[in-house]
**Student:** 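Have a look at this one before I ask anything.
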Amino acid sequence: MAQKNGVEAVREALAATNPEALERQKQQKRVGLKPLPNATEGEVVLRFAPNPNGPLTIGHSRGVVINSEFASIYSGKVVLRYDDTDTRVKPPLPEAYDWIEKEYEWLAGRPADIIIRASERMPIYLEYAKRMLEGGFGYVCRCTAAEFKTLRDNSHVCPCRARSVEENIADWVSMNDGDIEEGEAVVRVITDLELPNPALRDWPALRIQHTPHPMVGDEYKVWPLLDFQSAIEDHLQGVTHIVRGKDLMDSTRKQTLLYEHFGWTYPETLYWGRVKVHEFGGFSTSGMRADIADGKFEGWGDSRLPTIAALSRRGFKSQAIRDFWMDLGLTQKDISISMQTIESFNSSVIDSDCERRSFVRNPRNLSLNTNDLPLPETLQIPRHPDGEIKGSRQWLLSDKLVIEEEDSAAQIRLKDFADVSINKKDAIVESLEKRGNRAIVHWLPVNQGRIARLTTPSGDGFRIDDGLIENVDLVEGAIVQLERVGFARIESIPENGPVELLFLHR
RNA sequence: GCUCGUGUAGUGUAGUUCGGUCCAUCAUGACGGACUCUCGAUCCGUCGACCCGGGUUCAAAUCCCGGCACGAGCACCA
């Protein structure tokens, strides 16, 4: 119509039939999370359930941020639950429980409302397993994994299903007594074998593990798998909404089947997609754990690792990580993002309260030739160029100074000081006023500097820049912006030896 | 292979429920400029997208059908 009769004709037609369409606002980007389905203010219970086989990674931080944000929107609660019911494949790391608790609090800005460890609640899960067997909707399967897979893939009934409740209970007791070896029995949930997704058919709920648990020892011989433990616990904690990765979609379906057996209603469930960061690839906790053991990394806080510990150590603020995830929102799309994006959020958070310092890499020594011009004895340089931080740093001028070798040019401007020309080992002052468009470089009077070393994660290793840092109010742990270099964290200021600087980002 | 999910600029993201000034939002990025005694910050501008093909309709990013691509699950891991 618009083509034939013009836009006005469309307007008129719409005015007659659908006036609202004309008043539509210009598009705007929705900010914040979409509302949770079926959520009641004050009654929302969410959960964040990591495996404590290592500290939290960037990947986990999405779960912390999204769940805690929803909780805050609805004045709800978040249950921090340690899913530590695997003693062998991904065994828990005892220190990780405390780490995760602290990292959760750091990321969310407040502690989790409830903290529970699955391994401490084993009697409950075992009791529910027994009820399942007694109720006839679960059975002990003595097939090997391979045998069962063949049956399952062909929708054939496992012969173990035909056994009586009494036989099942007898096996169950033997399993728990440790009389059946690992791999020789498993408890399954009875489902419809015609389910289109083979993964759901008679799925395994508990298996035998004789390896001692790092936290509770060898008290239990039968351990629940994630889908069983998680399902029971979500119900017990009154979880109303589950927000998790979409790799767990099949878990939702399995757990829903179990809920139906028990007569419970499954929580509302939302998902996010897989995330990769260009610089890191995926975030495998087990992989990192192995690499650390192999000595490839210095520890969980190694600045090359995508752990929260490393990020925080380098100087990323939790606010930036929250802003980042909130900007992404909750989508099921698999994405691959760049650290640059997170860095940009971090810059916005830290720039206005980071003091500036001069750090001269690869220093070239020069003598200051005053050229008979009257020079001040000291220089006053702002701590922050935009006055976000009041006050100035004071430099005592001396007759020796350094610039970066790479900045060597015939004529340069020593930032906040003077135009000089370089002649062999001399820096000859030409003017205190800035004239022309010569390059402005950062520099340092030699006696104002202190030996320092800047470490930058680079590929599999590190890049080290030795240099001189401005020795004014250096505070261990502080993040400063090294002029023309980038943000860095002051790692340590030893009595003797170089100040250690860890590069953050530009 | 089977099951499930997802496709909007380089990267992310809004809009899709309920079709309508949507020549499609915002951020980040790249490029250019202004400002600034940092290569930072700030400001201005430019670039750049509805997976493909049909269909319904006055009108499709949005609804329908069919493809294609990508991802995940198919563990006695979480």
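Sequence lines set the chain letters: A, B, ... in the order given, protein chains first and strands last, and positions in each chain run from 1.
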**Student:** Quick check on RNA chain B: between A/Lys34 and A/Leu225, whose nearest nucleotide comes earlier from the 5' end?
**Tutor:** A/Lys34

**Student:** With both distances kept under 3.5 Å, what pairs with B/rC4, Watson-Crick or G-U wobble?
**Tutor:** B/rG71

**Student:** Distance between the C1' atoms of B/rG66 and B/rC22, in whole angstroms?
**Tutor:** 27 Å

**Student:** Using only modelled atom types and a 3.5 angstrom limit, is any donor from either the side chain of A/Asp247 or the base of B/rG71 paired with an acceptor on the other?
**Tutor:** no

**Student:** Check the pair A/Asp234 / A/Arg81 against salt bridge (charged side-chain N to carboxylate O under 4.0 Å, His left out), numbers first and verdict last.
**Tutor:** CA-CA 10 Å; A/Asp234 283 336; A/Arg81 184 183 76 216; 2.9 Å; yes

**Student:** Tell me whether the rings of A/Phe48 and A/His60 are parallel (<30°), tilted (30 to 60°) or perpendicular (>60°).
**Tutor:** perpendicular

**Student:** Within the structure provided, determine whether A/Arg489 and A/Val480 are in side-chain contact (heavy-atom separation under 4.5 Å).
**Tutor:** no

**Student:** With a 3.5 angstrom cut-off on both distances, give the Watson-Crick or G-U wobble partner of B/rG12, or none if there isn't one.
**Tutor:** B/rC26

**Student:** Tell me whether A/Arg163 is salt-bridged to A/Asp171, with the criterion being a basic N under 4.0 Å from an acidic carboxylate O.
**Tutor:** yes

**Student:** Taking the C1' atom in each of B/rG1 and B/rC18, what is the distance between them to the nearest angstrom?
**Tutor:** 39 Å

**Student:** Any donor-acceptor pair under 3.5 Å joining the side chain of A/Gln340 to the base of B/rU11?
**Tutor:** no

**Student:** Just N and O in the side chain of A/Arg506: are any of them under 4.0 Å from OP1 or OP2 of B/rA41?
**Tutor:** no

**Student:** Give a yes or no answer on whether the side chain of A/His442 reaches the backbone of A/Phe359 with a donor-acceptor pair at less than 3.5 Å.
**Tutor:** yes

**Student:** Roughly how many Å is it from CG in A/Asn197 to P in B/rU3, rounded to a whole number?
**Tutor:** 8 Å

**Student:** Can you tell me if A/Thr331 touches the phosphate of B/rG12, counting only side-chain N or O atoms and a distance under 4.0 Å to OP1 or OP2?
**Tutor:** no

**Student:** I'd like to know if A/Arg30 reaches the base of B/rU25 with its side chain, counting only an N/O donor and acceptor under 3.5 Å.
**Tutor:** no

**Student:** Could you tell me the separation between the CG atom of A/Asp327 and the CZ atom of A/Phe345, rounded to the nearest 0.5 Å?
**Tutor:** 4.0 Å

**Student:** Measure from CH2 on A/Trp272 to P on B/rU13 and round the result to the nearest Å.
**Tutor:** 15 Å

**Student:** Considering only B/rU3, B/rG40, B/rC37, which nucleotide approaches the side chain of A/Asp386 most closely?
**Tutor:** B/rG40

**Student:** Determine the interatomic distance between C1' on B/rC39 and the same-named atom on B/rA78; round to the nearest Å.
**Tutor:** 45 Å

**Student:** Report yes if at least one side-chain N or O of A/Arg484 is closer than 4.0 Å to OP1 or OP2 of B/rG40; otherwise report no.
**Tutor:** no

**Student:** Counting just side-chain N and O atoms, does A/Arg152 come under 4.0 Å of either OP1 or OP2 of B/rA75?
**Tutor:** yes

**Student:** Give none if B/rG20 has no partner; otherwise give the nucleotide forming a Watson-Crick or G-U wobble pair with it, both distances under 3.5 Å.
**Tutor:** B/rC58

**Student:** With a 3.5 Å limit on both atom pairs, tell me what B/rC37 is paired to, counting Watson-Crick and G-U wobble, or say none.
**Tutor:** none

**Student:** On RNA chain B, compare the nucleotides closest to A/Arg201 and A/Glu184; which residue's is nearer the 5' end?
**Tutor:** A/Arg201

**Student:** May I ask you to verify if any side-chain N or O of A/Lys29 is less than 4.0 angstrom from the OP1 or OP2 atom of B/rA24?
**Tutor:** no

**Student:** Answer yes or no: does a side-chain N or O of A/Ser336 lie under 4.0 Å from OP1 or OP2 of B/rU11?
**Tutor:** no

